[in-house]
Q: 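This is the structure I have questions about; it appears just below.
The figures that follow rest on heavy atoms only: side chains count, while hydrogens, waters and symmetry mates do not. One-based numbering, in listed order, for ligands and for the atoms of each.
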Amino acid sequence: MAGRKPGLIALFDVDGTLTAPRKVATAQMLEFMQELRKVATVGVVGGSDLSKISEQLGKSVINDYDYVFSENGLVAYKDGKLIGTQSLKSFLGEEKLKEFINFTLHYIADLDIPIKRGTFIEFRSGMLNVSPIGRNCSQEERDEFEKYDKVHNIRPKMLSVLQEKFAHLNLTFSIGGQISFDVFPQGWDKTYCLKYLGDFQEIHFFGDKTYKGGNDHEIYESEQTVGHTVTSPEETVEKCKALFLANPSA
Ligand code: M1P
């Protein structure tokens, strides 16, 4: 075994890249990631908070990978230890935050969609996650909402209203999953995690939403990364085998 190539890190988005959207990673994928760690430093960067990433990649996720960046890296772990957090509350202040939350809840209250459940805004460390149907819908309801949204553009319409109303706050609105969107200050997208990776000369990023407007776009395009677009977890494995395992000492 050639061992790890110095200065190289393979960094993965979660939903759609290591797992099917909001699903648990397969045992094969988890095993493959550990194989990969023998030849490269491995990190994951998800828009979700740590509890959701743990549901998908396992309870010991922060120990199973060299770096885990939840909330785009606004909450960062290295070798199982917390190395940084960013606070939306401190950044915006209570008044602006309240103004945004109040307006958003009013908007959702007036929204006529087939069903609504609970937890319309999830308050995270570095971002808000807003869901018109409510986060605690069932898997079936989540799948139905995604289909409905594709036809009726509930989220895109809501984003454009919020963008206009809160233009002065310089926020980014990012649709990364099926039922919600993330709200955070400009620059707090997935490129945020790169500030922890200054020691790496070769950062390979793998993501499925690398197109403009997708939540992997900025990090995929970043000059600091070599970006790879994948369409499924299976393709992620294939691309990694070809890049890192075919001739690991290359
Ligand atoms: O990782 C992508 C997104 O996953 C979830 O989205 P949804 O619940 O809409 O499928 C959320 O955790 C979201 O924050 C995240 O960006």
Q: Any donor-acceptor pair under 3.5 Å linking the side-chain atoms of Thr119 with those of Glu122?
A: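 There is no such pair (donor and acceptor under 3.5 Å, judged by atom type) between the side chains of Glu122 and Thr119.
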
Q: I need the single residue from Lys209, Gln56, Arg22 that forms a side-chain hydrogen bond (donor to acceptor under 3.5 Å, both in side chains) with Asp15. Which is it?
A: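 Result: among Lys209, Gln56, Arg22, Gln56 is the only option passing the side-chain hydrogen bond (donor to acceptor under 3.5 Å, both in side chains) with Asp15.
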
Q: Which protein heavy atom lies closest to atom 4 (O) of ligand 1, and at what distance to 0.1 Å?
A: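 That would be Asp15 OD2, 3.1 Å.
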
Q: May I ask whether Glu71 has any heavy atom positioned less than 4.0 angstrom from an atom of ligand 1?
A: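 Contact absent.
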
Q: As an exercise, identify every atom of ligand 1 less than 4.0 angstrom from a heavy atom of Arg142.
A: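 Counting atoms of ligand 1 from 1, those under 4.0 Å from Arg142 are 7 (P), 8 (O), 10 (O).
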
Q: To which protein heavy atom is atom 9 (O) of ligand 1 closest, and what is the distance rounded to 0.1 Å?
A: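 Atom 9 (O) of ligand 1 sits closest to the protein heavy atom Ser180 OG, 2.6 Å.
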
Q: Indicate yes or no: does an N/O atom of Asn129 lie under 3.5 Å from an N/O atom of ligand 1?
A: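 N/O-N/O distance under 3.5 Å: yes.
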
Q: Which of the atoms in ligand 1, numbered in the order shown and given with their element, are less than 4.0 Å from a heavy-atom of Arg124?
A: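 The list of qualifying atoms is 11 (C), 12 (O), 14 (O).
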
Q: Against heavy atoms of Lys52, which atoms of ligand 1 measure under 4.0 Å?
A: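 By the 4.0 Å cutoff, the relevant atoms are 12 (O).
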
Q: Would Met127 count as a contact residue for ligand 1, given that I'm defining contact as a non-hydrogen atom of the residue lying under 4.0 Å from a ligand atom?
A: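 Contact absent.
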
Q: Inspect the contact between Glu144 and Lys147 and indicate whether a charged nitrogen and a carboxylate oxygen are less than 4.0 angstrom apart.
A: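 Looking at Lys147 and Glu144, the cut-off is met.
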
Q: Which part of Gln56 is near ligand 1, with near meaning a heavy atom under 4.0 Å away: side chain, backbone, both or neither?
A: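 Neither; nothing of Gln56 gets under 4.0 Å from ligand 1.
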
Q: Between Glu95 and Lys98, does any NZ, NE, NH1 or NH2 come within less than 4.0 Å of an OD or OE carboxylate oxygen?
A: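 Salt bridge: yes.
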
Q: Quick one: does Ile179 get an N or O within less than 3.5 Å of an N or O on ligand 1?
A: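 N/O-N/O distance under 3.5 Å: yes.
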
Q: Indicate whether any N or O donor in one side chain lies under 3.5 Å from an N or O acceptor in the other, for Gln178 and Asp143.
A: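 There is such a pair (donor and acceptor under 3.5 Å, judged by atom type) between the side chains of Gln178 and Asp143.
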
Q: Decide whether Val130 and Leu111 are clustered together by the hydrophobic rule: side chain heavy atoms of Ile, Leu, Val, Met, Phe, Trp, Tyr closer than 4.5 Å, transitively.
A: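 As far as the 4.5 Å side-chain criterion goes, Leu111 and Val130 are connected within one cluster.
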
Q: Can you pull out the closest protein heavy atom to atom 11 (C) of ligand 1? Residue, atom name and distance to 0.1 Å, please.
A: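 Here the closest protein heavy atom is Ser48 OG, 3.6 Å.
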
Q: Tell me whether Arg135 reaches ligand 1 (any heavy atom closer than 4.0 angstrom to a ligand atom).
A: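 For ligand 1, residue contact (heavy atoms, under 4.0 Å) with Arg135 is present.
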
Q: Decide if atom CD of Glu140 counts as having more than 12 heavy atoms of other residues, nucleotides or ligands within a radius under 6.0 Å.
A: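 Atom CD in Glu140 is not packed in, count stays at 12 or less.
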
Q: Are Ser125 and Thr85 linked by a side-chain donor-acceptor pair shorter than 3.5 Å?
A: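 Distance-only check fails for Ser125 and Thr85.
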
Q: Between the side chains of Asn129 and Ser180, does any donor sit under 3.5 Å from an acceptor?
A: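 Short answer, yes.
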
Q: What is the closest protein heavy atom to atom 16 (O) of ligand 1, and at what distance does it sit?
A: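 The answer is Asp182 OD2, 2.6 Å.
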
